[in-house]
J.: 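There's a structure below that I have some questions on.
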2 protein chains.
Amino acid sequence: MSNLKYSRQRKAIVDFLESRTDHPTADIVYINMRKEFPKISLGTVYRNLSLLVEIGEAIKVPCSDGAEHFDGCTLKHYHFQCNRCGAVLDLNITDMDSIQDLNKIANVNFGGNIEGNSIFFYGKCPKCAKELKR
Amino acid sequence: MSNLKYSRQRKAIVDFLESRTDHPTADIVYINMRKEFPKISLGTVYRNLSLLVEIGEAIKVPCSDGAEHFDGCTLKHYHFQCNRCGAVLDLNITDMDSIQDLNKIANVNFGGNIEGNSIFFYGKCPKCAKELKR
DNA sequence: CTTCTTGCAAATAGTTTGCATATAG
DNA sequence: CTATATGCAAACTATTTGCAAGAAG
């Protein structure tokens, strides 16, 4: 591919992604970068985000809400979206074992080769669940 | 909401979705509808697709490839996208049981309320897997 | 110097919407 | 007749790209 050179903007984007537990869209990253780099352009943000996804330092989280969300955490975990407030959260599943062999199970009778999976949970987030109890 | 009236265009879209095992984008639906309705507009296609999603006769399948994909099959099943050719396929998992209680497992320590999940598998589809073996 | 990166602006892709006309009930 | 649906075009949102200037190695 291409040889990477250091850039302050890219560094800041990586740091920002790592500092968040939610999953910002490109636009949110852009708005936050402008605090430190008032002249940064959306193009730069998009270019860096897809570069980070390419080299595996971030992942894309596809949601059904128009925009792509980005996640700086490369460790395997699962995603949740609240169908009331739209928040995208990480999910720490305690009993990972039952998920481990999902790929094998799915591969039975498939004919191709299943390399991975992404699980998306939905429902009410803790905050909304609390508000609805009142 | 709104009271539905019959429309030949909507009927054709439903039939088309049901006839496919892949998961067409709005654009593909549009192109195919034009065979029967040369003057149909993209607006009509989009309006009907989101209407069908609303009333539960279709679902949106979010992919990381720019466009939303639509699925006419309301029965629960899982999705697969080939990371070589981009095809989106259905997956019939024989041993559903291990997936059944995923929601319960995920709900432990969550605090909110998990209502459902969607699992997306990726890898090589049967066709691509075959081509790569040569 | 040479290569990669940026900012800016223009271009593109996917989707939504306003409005006048057509169709279903 | 009244409400919903359609076609068309314009508007909008998210994302990508060409290019000249700037920074890294």
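Within every chain, numbering begins at 1; the chains are lettered A, B, ... in the order of the sequence lines, protein sequences first and strands thereafter.
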J.: CD1 of Ile13(A) versus P of dT5(C): gap in Å, rounded?
T.: 12 Å
J.: Is there a side-chain polar atom (N or O) of Gln9(A) under 4.0 Å from OP1 or OP2 of dA23(D)?
T.: no
J.: Any donor and acceptor pair, going by atom type alone, linking the side chain of His69(B) with main-chain N or O of His23(B) inside 3.5 Å?
T.: yes
J.: Can you tell me how far C1' of dT16(D) sits from NZ of Lys60(A), to the nearest Å?
T.: 11 Å
J.: Among dT15(D), dG7(D), dT15(C), which nucleotide sits nearest the side chain of Ala67(B)?
T.: dT15(C)
J.: For Leu51(B) and dT17(C), what is the distance between atoms CG and P respectively, to the nearest whole Å?
T.: 13 Å
J.: Could you check Ile40(A) against Asp65(B) and say which one's nearest nucleotide on DNA chain C is further toward the 5' end?
T.: Ile40(A)
J.: Tell me the interatomic distance from Phe70(B), atom CZ, to dT15(C), atom C1', rounded to whole angstroms.
T.: 9 Å
J.: Roughly how many Å is it from CG in Leu52(A) to P in dC4(C), rounded to a whole number?
T.: 17 Å
J.: Return whichever of Gly43(A) or His69(B) has its heavy-atom-nearest nucleotide of DNA chain C closer to the 5' end.
T.: Gly43(A)
J.: If you take all heavy atoms of Phe16(B) and Met33(B), which pair is closest and at what distance?
T.: CB-CE, 3.5 Å
J.: In whole Å, what is the span from the CD atom of Glu68(B) to the C1' atom of dA14(D)?
T.: 13 Å
J.: Dump the pairs, protein N or O against N or O of nucleotides 19-25 of chain C, anything under 3.5 Å, distances to one decimal.
T.:
from    : atom 1 : to      : atom 2 : distance (Å)
dA24(C) : N3     : Lys5(B) : NZ     : 3.1

J.: Side chains of Leu49(B) and Glu68(B): does their closest heavy-atom pair fall under 4.5 Å?
T.: no
J.: Does a side-chain heavy-atom distance below 4.5 Å link Gln81(A) with Val61(A)?
T.: no
J.: Is it the case that more than 12 heavy atoms not belonging to Arg8(B) sit under 6.0 Å from its CZ atom?
T.: no
J.: Looking at Tyr46(A), does any N or O in its side chain come under 4.0 Å of the phosphate oxygens OP1/OP2 on dT15(D)?
T.: yes
J.: Are any of Asn3(A)'s side-chain N or O atoms less than 4.0 Å away from OP1 or OP2 of dT2(C)?
T.: no
J.: For the side chain of Arg10(B), counting heavy atoms from C-beta on, which of dA5(D), dG7(C), dT15(D) is nearest?
T.: dA5(D)
J.: What's the CG-P distance between Asn48(A) and dT5(C), to the nearest Å?
T.: 8 Å
J.: Categorize Asp27(A) for me: base, sugar-phosphate, or nothing, with a 4.0 angstrom heavy-atom threshold over every strand shown.
T.: nothing
J.: Between Phe121(A) and Phe110(B), is the ring centroid distance below 6.0 Å?
T.: no
J.: May I have the distance from Lys11(B) (atom NZ) to dA5(D) (atom P), rounded to whole angstrom?
T.: 16 Å
J.: Within less than 4.0 Å of OP1 or OP2 of dT6(D), is there a side-chain N or O belonging to Ser41(B)?
T.: no
J.: Between Asn107(B) and Asn103(B), is any pair of side-chain heavy atoms under 4.5 Å apart?
T.: no
